[in-house]
Amino acid sequence: MMAAGRAGELGSRVVLLEKNNKLGVKLLATGGGRCNITNLKDARGLANSFGNNGRWLLSAFSKFGPEELIEFFASRGLKTKVEEEGRVFPKSDSAADVQQVLAEYLKSLKIEVKLGAEVKKVVGAGDKISKLILVSGQEIIADKYLICTGGKSYPQTGSTGDGYQWLKQLGHKIISPRPALAPVIIKDKFIKDLEGLSFKETGISYYSDNKKVDMTVGPLIFTANSLSGPAILNMSAIVGRENLKGAQIKIDFFPNLDFSKLDQELSKDFSSSNKALKNGLDQLIPPRLASVLINLAGFDGRKKLNLISREERQTLTRLLKEFPLTVLGLAGYDRAMVTAGGVDLKEINPKNMRSKIIENLYLAGEVLNLNGPTGGYNLQLCWTSGYLAGDSAAK
Ligand SMILES: Cc1cc2nc3c(=O)[nH]c(=O)nc-3n(C[C@H](O)[C@H](O)[C@H](O)COP(=O)(O)OP(=O)(O)OC[C@H]3O[C@@H](n4cnc5c(N)ncnc54)[C@H](O)[C@@H]3O)c2cc1C
């Protein structure tokens with residue numbers, strides 16, 4: 001939408017082909033329906049968030065970055081606000097408003113939008129694309145083509161990775177796609193008992209072969225079989241990379257208290273109380289977590305707090321600071337927010353998003369071999385590359 005609009009703004013005749021019956025279906029689901037449109041980092045900060053490939057984005061982000069994006073939306077009536085860690089959202093907290101601004105942008109420029117138009121085939125002729133063939137049989141012939149079919153994540157939104165196949169056939173190298181920003185699946189059966197529990201701040205450590213590989217602090221959500229929330233999603237890149245044999249996550253439910261401080265607190269609470277252990281822990285943590293913790297410790301939940309030995313108390317403290325979970329793997333594309341891998345960046349000019357292999361082809365968005373953390377980075381990549389692709393294709 002950004003690319004089509006920008007090309008139209010510069011006077012090109014553009015047709016946008018979308019297989020869904022609505023524009024921006026995935027966009028509507030972003031940020032839990034609130035759409036975290038960007039992050040207020042400077043070009044270097046944004047580029048660094050994309051890891052090793054980030055350098056490729058530096059000049060692109062300096063041409064059309066968060067400042068230009070916020071101005072783009074403000075000038076079309078969409079006010080924005082900044083939340084923690086520089087995350088930018090529409091003031092209305094509505095992803096639908098973002099989608100609407102883009103749809104109006106296209107309408108105002110009289111861009112032809114074909115909905116329900118699924119591209120089946122991209123036909124190449126030498127180092128050019130000669131035409132597109134739609135599932136309906138219709139053929140589309142243009143001077144220039146822009147492919148932004150996204151990745152494979154959330155395929156129900158239309159992102160089924162079609163672009164990877166076409167581009168491979170056209171001679172582009174595709175770095176194997178894989179799920180990223182995905183919940184981490186846990187093997188332990190007791191995870192089911194914790195479904196729905198969420199914590200504002202936890203310490204999360206990732207261990208591979210008993211070695212701590214990563215550590216982060218952030219919110220945590222338990223699902224029926226996995227851990228989720230921004231901190232875990234960002235950690236999932238490492239989980240996907242490391243050997244999963246013997247992989248463990250340890251949760252610290254009290255990241256602001258060290259072991260001895262927390263143990264002292266428990267000691268104070270326990271020594272003069274004749275409540276049952278189960279009820280005592282319920283004051284500190286949700287009852288369902290307390291039950292799991294007591295089971296893991298192998299204790300009797302009915303035991304009186306003032307009868308808990310020092311050793312037993314320290315076992316509980318350790319479980320509260322290092323609650324162990326066995327990692328089975330990462331959730332698949334149906335639950336991964338983005339797709340890692342994609343078109344090899346070496347084959348695309350970062351200044352104008354033009355293919356170095358196919359003369360009349362431009363690429364933008366998640367189809368590229370780029371994926372960032374949560375926080376608005378992935379959409380900014382799409383706005384930036386879309387804007388540049390549309391801009392240069394029109395010139
Ligand atoms: C649940 C969820 C929440 C997210 N939240 C955020 C967030 O808050 N902030 C953020 O920065 N990022 C977020 N992301 C990531 C972000 O949404 C994506 O990176 C971004 O949408 C990718 O944009 P894109 O235009 O490259 O591809 P997509 O948004 O995937 O769009 C590709 C489009 O191409 C169409 N298409 C595919 N194949 C064909 C075909 N054969 N013919 C015709 N049309 C076709 C699809 O129907 C689709 O509409 C989120 C992702 C998910 C899944």
Side-chain angles (χ1 to χ4, degrees), residues 1-5 15-39 41 46 49-50 66 69 83 85-90 93-95 98-99 102-103 113-122 132-136 138 140 145-167 177 179-183 228 230 233-234 331-340 342-343 353 363-387 389-390:
M1 287 187 274
M2 180 60 90
V15 53
L16 187 156
L17 305 170
E18 167 55 62
K19 72 173 168 184
N20 290 326
N21 290 317
K22 200 175 181 180
L23 283 172
V25 170
K26 183 173 280 178
L27 198 56
L28 293 169
T30 54
R34 298 203 301 134
C35 187
N36 180 190
I37 59 167
T38 187
N39 195 291
K41 287 225 163 64
L46 287 174
S49 311
F50 285 82
L69 179 79
E83 296 192 358
E85 294 168 2
R87 293 165 189 246
V88 181
F89 290 85
D93 281 327
S94 162
V98 177
Q99 187 251 22
L102 290 161
V113 175
K114 280 183 180 289
L115 297 175
E118 181 170 352
V119 177
K120 192 167 98 182
K121 208 168 169 197
V122 177
L132 307 179
I133 303 174
L134 306 192
V135 166
S136 65
Q138 192 184 356
I140 306 275
Y145 299 83
L146 167 58
I147 295 181
C148 23
T149 39
K152 289 176 129 186
S153 302
Y154 276 60
Q156 68 274 24
T157 63
S159 325
T160 42
D162 299 7
Y164 299 137
Q165 317 297 331
W166 307 331
L167 290 159
L181 297 186
S228 195
L233 295 181
N234 288 336
Y333 288 119
D334 56 330
R335 291 167 72 199
M337 273 169 45
V338 294
T339 303
V343 183
M353 303 297 145
L363 296 147
E366 205 176 310
V367 73
L368 301 170
N369 180 26
L370 284 162
N371 61 292
T374 62
Y377 303 97
N378 290 295
L379 277 176
Q380 183 60 54
L381 154 70
C382 299
W383 312 125
T384 295
S385 54
Y387 178 90

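Atoms within each ligand, like the ligands themselves, are counted from 1 in listed order. Along the sequence shown, residues are numbered consecutively beginning with 1.
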**Student:** For atom 13 (C) of ligand 1, find the nearest protein heavy atom and state the residue, atom name and distance (0.1 Å precision).
**Tutor:** T30 CG2, 3.9 Å
**Student:** Which residue is it: L115, V119, V135, D162? I am looking for the one with a side-chain contact (heavy atoms from CB on, under 4.5 Å) to K19.
**Tutor:** D162
**Student:** Got an N/O contact under 3.5 Å between K19 and ligand 1?
**Tutor:** yes
**Student:** If you have a sec, work out which protein heavy atom is nearest atom 27 (O) of ligand 1 and how many Å separate them, to one decimal?
**Tutor:**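 Sorting protein heavy atoms by distance from atom 27 (O) of ligand 1 puts G150 CA, 3.2 Å first.
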**Student:** Mark the output for G376 as yes if a heavy-atom distance to ligand 1 is under 4.0 Å, and as no if none is.
**Tutor:**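 Yes; G376 lies near enough to ligand 1 that a heavy-atom distance drops under 4.0 Å.
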**Student:** Do any nitrogen or oxygen atoms of G365 lie less than 3.5 angstrom from nitrogen or oxygen atoms of ligand 1?
**Tutor:**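 There is no such contact.
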**Student:** I'd like to check E18 versus V113 (side-chain heavy atoms, cut-off strictly below 4.5 Å). Are they in contact?
**Tutor:** no
**Student:** Have a look at ligand 1 and work out which part of A117, if any, has a heavy atom under 4.0 Å from it: side chain, backbone, both or neither.
**Tutor:**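 Backbone only.
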**Student:** Are there over 12 heavy-atom neighbours, none belonging to K121, within less than 6.0 Å of that residue's NZ?
**Tutor:** no
**Student:** For atom 47 (O) of ligand 1, what is the nearest protein heavy atom, given as residue, atom name and distance?
**Tutor:** E18 OE2, 2.6 Å
**Student:** Ignoring hydrogens and geometry beyond distance, is a side-chain donor-acceptor pair present between S159 and K26 at under 3.5 Å?
**Tutor:** yes
**Student:** Around atom 18 (C) of ligand 1, find the nearest protein heavy atom and jot down its residue, atom name and distance.
**Tutor:** E366 OE1, 3.0 Å
**Student:** For ligand 1, is any non-hydrogen atom under 4.0 Å from V338's backbone (N, CA, C, O), its side chain (CB onward), both, or neither?
**Tutor:**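 Within the 4.0 Å criterion, V338 contacts ligand 1 through side-chain atoms alone.
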**Student:** Answer with side chain, backbone, both or neither: which part of C148 has a heavy atom less than 4.0 angstrom from an atom of ligand 1?
**Tutor:** backbone
**Student:** Tell me which protein heavy atom sits closest to atom 42 (N) of ligand 1, plus the residue, atom name and distance to 0.1 Å.
**Tutor:** V119 N, 2.9 Å
**Student:** Please work out whether any backbone atom (N, CA, C, O) or any side-chain heavy atom from C-beta onward of K26 is under 4.0 Å from ligand 1, and answer side chain, backbone, both or neither.
**Tutor:**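 Near ligand 1, K26 shows its side chain, while the N, CA, C and O stay back.
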**Student:** Hey, looking at atom 53 (C) of ligand 1, which of Y154, Y377, Y333, W383 has the closest heavy atom?
**Tutor:** Y154
**Student:** Keeping the roles fixed (side chain from N378, backbone from G372), state whether a donor-acceptor pair exists under 3.5 Å.
**Tutor:** yes
**Student:** Starting from atom 16 (C) of ligand 1, what is the nearest protein heavy atom, named by residue and atom, and what distance separates them?
**Tutor:** L379 CD2, 4.0 Å
**Student:** Compare L368, T149, L381 and give the one whose heavy atom is closest to atom 38 (N) of ligand 1.
**Tutor:** T149
**Student:** Counting each atom of ligand 1 from 1 as listed, which ones have a heavy atom of W166 under 4.0 Å away?
**Tutor:** 40 (C), 41 (N)
**Student:** Could you see which bit of D162 sits under 4.0 Å from ligand 1, with heavy atoms only: side chain, backbone, both or neither?
**Tutor:**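 The part of D162 near ligand 1 is the side chain, not the backbone.
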**Student:** Contact between ligand 1 and N20 is defined here as a heavy atom of the residue under 4.0 Å from a ligand atom; is it met?
**Tutor:** yes
**Student:** What protein heavy atom is closest to atom 30 (O) of ligand 1, reported as residue, atom name and distance in Å?
**Tutor:**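 I find the closest protein heavy atom is S159 OG, 2.7 Å.
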**Student:** Could you find the nearest protein heavy atom to atom 37 (C) of ligand 1 and give me its residue, atom name and distance?
**Tutor:**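 Going atom by atom, the protein heavy atom closest to atom 37 (C) of ligand 1 ends up being G158 O, 3.3 Å.
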**Student:** Is there a side-chain contact between P66 and V88 in this structure, where contact means two heavy atoms from C-beta onward sitting under 4.5 Å apart?
**Tutor:** no
